Amino acid sequence: MHRVYPQLKGVPVLYDWTGPIDCTAQHMPVFDRLRDHPNIFYAMGFNGTGIAQAPVAGKIMASLVLGRDDVWSRCGLVGIDRRTRLPPEPLRYAGARVVRRAIRRKNDLEIQNRKPDRITRFLAGLAP
């Protein structure tokens with residue numbers, strides 16, 4: 001934080017919050033129903049922007065639960081099958097670590113006003 005905001009160097013951080021996030025490969029929420037239990041609907045993947053998305057989420061979920069065929073039930077956020085699939089394990093784990101390291105390296109270099117190399121930019125660009 002102090003590297004990005006040096007003017008806050010003497011200001012103590014009294015509280016912070018971190019926790020698990022719910023994230024899809026596209027970093028967009030997804031709405032659907034369970035295949036084996038069509039009476040169970042879900043919304044997931046809000047990725048830290050759930051409050052801003054709540055009104056739209058409510059309209060999509062209401063439309064799905066009520067069985068409507070409208071703009072909300074047909075929107076691009078509905079349907080888990082339309083989403084990008086991640087590679088199988090152990091490739092997923094190894095690939096995620098490589099991509100995360102590249103993102104961190106790219107961010108660190110950009111904070112220092114340095115341009116990341118092509119490989120770092122390529123690997124960081126693989127983030128969904």
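Residue indices begin at 1 and follow the sequence shown. Note that the structure is predicted; figures quoted are calculated from it, not measured.
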Derivation of the side chain to side chain contact (heavy atoms under 4.5 Å, CB included) call for Leu109 and Lys115 = CA-CA 6 Å; Leu109 289 168; Lys115 186 175 178 181; over 6 Å; no
Give the intermediate values and the outcome of side chain to side chain contact (heavy atoms under 4.5 Å, CB included) for residues Leu64 and Trp72.
-> CA-CA 8 Å; Leu64 292 175; Trp72 298 109; over 6 Å; no
Chi angles and distances behind the side chain to side chain contact (heavy atoms under 4.5 Å, CB included) call for Tyr5, Val11 = CA-CA 11 Å; Tyr5 302 105; Val11 178; over 6 Å; no
Output, in order, the C-alpha distance, side-chain angles, deciding distance and verdict of side chain to side chain contact (heavy atoms under 4.5 Å, CB included) for Lys59 and Val71.
-> CA-CA 10 Å; Lys59 291 179 185 211; Val71 67; over 6 Å; no
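Summarising the geometry, atom CE belonging to Met28 is positioned 7.0 Å from atom CD belonging to Gln53; distances are rounded to the nearest 0.5 Å. The line from CD1 of Ile60 to CG of Asp70 is 10.0 Å long, rounded to the nearest 0.5 Å. We find the CE-CZ distance between Met61 and Arg33 to be 9.5 Å, quoted to the nearest 0.5 Å. We find the CZ-OG1 distance between Arg101 and Thr120 to be 12.5 Å, quoted to the nearest 0.5 Å.
The two residues Pro116 and Lys106 have their closest heavy-atom pair at CG-CG, 3.6 Å. Here the closest non-hydrogen pair linking Pro29 and Leu77 is O-CD2, 3.4 Å. Shown here for Asp32 and Gly79, the closest heavy-atom pair between the two residues is OD2-CA, 3.3 Å. Here the shortest heavy-atom pairing between Ala102 and Leu123 reads CB-CB, 3.5 Å.
At most 12 non-hydrogen atoms from other residues, nucleotides or ligands lie less than 6.0 angstrom from CZ of Arg104. Atom CZ of Phe122 sits in a sparse spot, with 12 or fewer heavy atoms from other residues, nucleotides or ligands closer than 6.0 Å.
Of the possible polar contacts, one joining the Ser73 side chain to the Arg68 backbone as a donor-acceptor pair under 3.5 Å is found.
With hydrophobic clusters built from ILVMFWY side chains whose heavy atoms lie under 4.5 angstrom apart, Ile119 shares a cluster with Leu126.
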